[in-house]
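Chain letters run A, B, ... following the sequence lines, proteins first and then strands; every chain starts at 1.
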Protein chains: 2
Amino acid sequence: MEWSDLRIFLAIARAGTLGAAARSFGQSQPTMGRRLRALETAIGHTLFQRTGDGFVLTDEGSALLAHAERIEEEVLAAQRQLDGDDRQLGGTLRISSSDWFGIHLLTPVFAEFAKLQPRVVIELLTDHRLYSLPRREADIAFRITPFREAEVISRRLMHIEYGVYLKSGFKPPRAGDGAGTPLITMDMAFSDVPDAVWLQRVLPNAHIVSRSNNRDVQARMCGQGAGVAVLPRPLGDGIAGVRRIDLGEQPPGRNTYVGYHRDLKRQARLRALLDLVIERLAN
Amino acid sequence: MEWSDLRIFLAIARAGTLGAAARSFGQSQPTMGRRLRALETAIGHTLFQRTGDGFVLTDEGSALLAHAERIEEEVLAAQRQLDGDDRQLGGTLRISSSDWFGIHLLTPVFAEFAKLQPRVVIELLTDHRLYSLPRREADIAFRITPFREAEVISRRLMHIEYGVYLKSGFKPPRAGDGAGTPLITMDMAFSDVPDAVWLQRVLPNAHIVSRSNNRDVQARMCGQGAGVAVLPRPLGDGIAGVRRIDLGEQPPGRNTYVGYHRDLKRQARLRALLDLVIERLAN
DNA sequence: GGTTATCCATTCATATTTGAATGGATAAAT
DNA sequence: ATTTATCCATTCAAATATGAATGGATAACC
């Protein structure tokens, strides 16, 4: 049984004749007659009596009419819900990013977005797992490496400068040496990131006192006077009690990329959030 | 939007891949893919994310899934109801017949049918209107004239003999005369029915004292001694206190026909009732 | 690294559905 | 009685949907 034939049945029941139903439904009279016949055959019951004046519902037809009307209501409810979500940009967006990026750069933008689109729920995931966009583990991802997946649409979002930071009032280390200088750096798994490598090259005699995979942790240790740290400038410049020091050269910056799955290209809420992020952060 | 495509959507959501859905649904993979695309276009939302491992519901897809499942339940409820009506022979049957025929001949059969099929409600209409079968004013009609409508399926049901009746103990009139004999006969509109014409021919000098369109009224008057009446024998033979008299020749009998609309040919309850009526009454 | 299995998307031939045109039946108007 | 309008059913050509075959991509296994 074709569910769509129920819609034909509804139209005929309401119009009372095949011709009138055809005209209002936008399909030809013989087609509607045939599809009604197909429905009657599929369902095993005569739904109308055919007269010269039109079609009269049988008892079975009347019973089915009640069901068909409820089905129609459910279809319309579905359409209203989806239209409403679209127009009101309701729904959830799952975002993945690194921790400091999410905390310091994304939250202001998301707070602004929440005021603009109060019905969108943003779920920000900041652990180090690489969330799979194809598997819908995340809808939008911010990464420091370019996206390689074919089904991901991405762009470079911004360039982030890094800086070297030390607690205010502490004596800066000597560039090219660093003896006696405690370092705060990335954890072992990320010890090969460009800024960590750079720091050990510039202060070859310094010693590491603290490792973390969390930039905020590094920043807090630095602020407590534990040592020297390379931090993204958006983060470091905002930490109280630390200053940026000059070691004669700049640490390497990083690009940040944003990507989403191509199947969500036309999703209104994703587009709206992305537009705002780009407007506020892109450089 | 084709409602049937919702069924495709349901199958894919449940199977998780296009191929598996196609195999279980009995339609090819490309067709299901196309119909899903058509649905997504019609509804204006992406319902699945396509991955190498199969299809993953979007939020919109999940919302629609809930609606689609309710629609499916409604369709199945409709099918169960119609199947149940059919199997249990539930529903209404509207029957039209003349009054005495309904009262004396049909009621015993209908009482028996009610015991066999307690869920069928029989509505017996015995006024003189010619109920229209095409307009579903009646489902089955019993008439003394053959059915002429093209869409009506009919058959001769039985031959009914008529007899002349008089109160027991009264003196029979003289055939060919009837002077001084009161007659009980049909009303003016039906004064030309064969038995009424016959009675006046056989007793040309008799006088009419009572007319009625109701055979039971005629029989009751006869039983009260009001006069002579021609009655259908199934009726007259059952009246207490009257006897059938012989005027030298038999009054004309009548055939009774039964008809129903051809669109109801396969309706189970109609067939069942008709079979029982034929079994009990046909001659 | 090569092979196999599984996935979805696309192409092209075939099957099915659809609609314009026509015809028969009926009712209403003239 | 004839004409007109409206109804549904049927035929045949055109349009659309469908499925078999094929190809590209990915993951798992050897």
Side-chain angles (χ1 to χ4, degrees), chain A residues 1-5 7-9 11-42 46-58 61 130 132-136 147-152 261-263 265, chain B residues 1-9 11-42 46-58 61 130 132-136 147-152 261-263:
Chain A
M1 183 185 91
E2 294 291 336
W3 290 6
S4 290
D5 289 346
R7 200 167 169 211
I8 303 287
F9 164 78
I12 297 169
R14 287 173 176 158
T17 72
L18 215 43
R23 287 188 294 274
S24 72
F25 193 68
Q27 204 170 34
S28 76
Q29 167 249 325
T31 297
M32 298 198 78
R34 277 186 291 234
R35 292 183 68 173
L36 176 63
R37 280 278 186 222
L39 179 64
E40 284 178 324
T41 301
T46 301
L47 303 173
F48 291 102
Q49 241 169 240
R50 278 92 168 146
T51 77
D53 291 336
F55 283 34
V56 182
L57 280 166
T58 60
L130 206 56
S132 165
L133 294 178
R135 290 205 293 278
R136 287 214 79 234
F147 290 83
R148 300 255 178 263
E149 299 99 314
E151 65 268 32
V152 173
H261 195 273
R262 69 186 170 202
D263 284 348
K265 182 175 180 181
Chain B
M1 185 185 91
E2 293 291 337
W3 290 4
S4 291
D5 289 345
L6 289 170
R7 200 167 168 211
I8 303 286
F9 163 77
I12 297 168
R14 285 173 176 157
T17 73
L18 214 44
R23 287 187 294 275
S24 70
F25 192 70
Q27 201 170 35
S28 75
Q29 169 250 323
T31 297
M32 298 198 77
R34 278 185 291 234
R35 292 183 68 172
L36 175 63
R37 283 276 186 223
L39 179 63
E40 285 178 323
T41 299
T46 301
L47 303 172
F48 292 100
Q49 241 170 239
R50 277 93 167 146
T51 77
D53 291 335
F55 283 33
V56 182
L57 279 167
T58 61
L130 206 55
S132 165
L133 294 177
R135 288 206 294 277
R136 287 211 82 233
F147 291 82
R148 298 256 177 261
E149 299 98 315
E151 65 266 33
V152 174
H261 193 272
R262 71 186 169 200
D263 284 348

Original post:
Base, sugar-phosphate, or nothing for B:Gly33, non-hydrogen atoms under 4.0 angstrom?
Top reply: nothing
**OP:** Answer yes if the side chains of A:Glu2 and B:Ser4 hold a donor-acceptor pair under 3.5 Å, and no otherwise.
**Re:** yes
Original post:
Between B:Phe55 and B:Thr17, is a side-chain contact (heavy atoms from CB on, under 4.5 Å) present by the stated rule, with each step listed?
Top reply: CA-CA 6 Å; B:Phe55 283 33; B:Thr17 73; 5.9 Å; no
Original post:
Which comes earlier along DNA chain D counting from the 5' end, the contact point of A:Thr17 or that of B:Gly26, where each point is its nearest nucleotide?
Top reply: A:Thr17
Original post:
Base, sugar-phosphate alone, or nothing: which one does B:Thr31 contact when heavy atoms must sit under 4.0 Å apart?
Top reply: base
Original post:
Rounded to whole angstrom units, what separation is found between the CD atom of B:Gln27 and the P atom of D:dA17?
Top reply: 12 Å
Original post:
Does B:Leu47 reach the side chain of B:Leu57, with side-chain heavy atoms less than 4.5 Å apart?
Top reply: no
Subject >> Atom pair distance, as rounded to whole Å: CZ in A:Phe55 and C1' in D:dA9 >> reply: 10 Å
Original post:
Between D:dC8, C:dC8, C:dT18, which one does the side chain of A:Gln29 approach most closely?
Top reply: D:dC8
Subject >> Rounded distance (Å) that lies between atom C1' of D:dA17 and atom CD of A:Glu2 >> reply: 11 Å
Original post:
Rounded to whole angstrom units, what separation is found between the CD1 atom of A:Ile12 and the C1' atom of D:dC7?
Top reply: 14 Å
Original post:
In whole Å, what is the span from the CZ atom of B:Arg35 to the C1' atom of C:dT16?
Top reply: 13 Å
**OP:** To the nearest Å, give me how far apart CE (B:Met32) and P (C:dA9) are.
**Re:** 13 Å
Original post:
Are A:Phe25 and A:Arg7 close enough that some pair of their side-chain heavy atoms sits under 4.5 Å apart?
Top reply: yes
Original post:
Given D:dA9, C:dG19, D:dA21, which nucleotide is nearest the side-chain atoms of B:Pro30?
Top reply: D:dA21
Original post:
Whole Å only: how far is the CZ atom of A:Arg50 from the P atom of C:dT26?
Top reply: 17 Å
Subject >> Nearest-angstrom distance from the residue atom CG of A:Leu36 to P of C:dT18 >> reply: 13 Å
Original post:
Among C:dT18, C:dA9, D:dA9, which is the nearest nucleotide to the side chain of B:Arg37?
Top reply: C:dA9
**OP:** Give one of base, sugar-phosphate or nothing for A:Arg34, where a contact means two heavy atoms less than 4.0 Å apart.
**Re:** base
Original post:
Do B:Leu6 and B:Met1 come close enough that some side-chain heavy atom pair is under 4.5 Å?
Top reply: yes
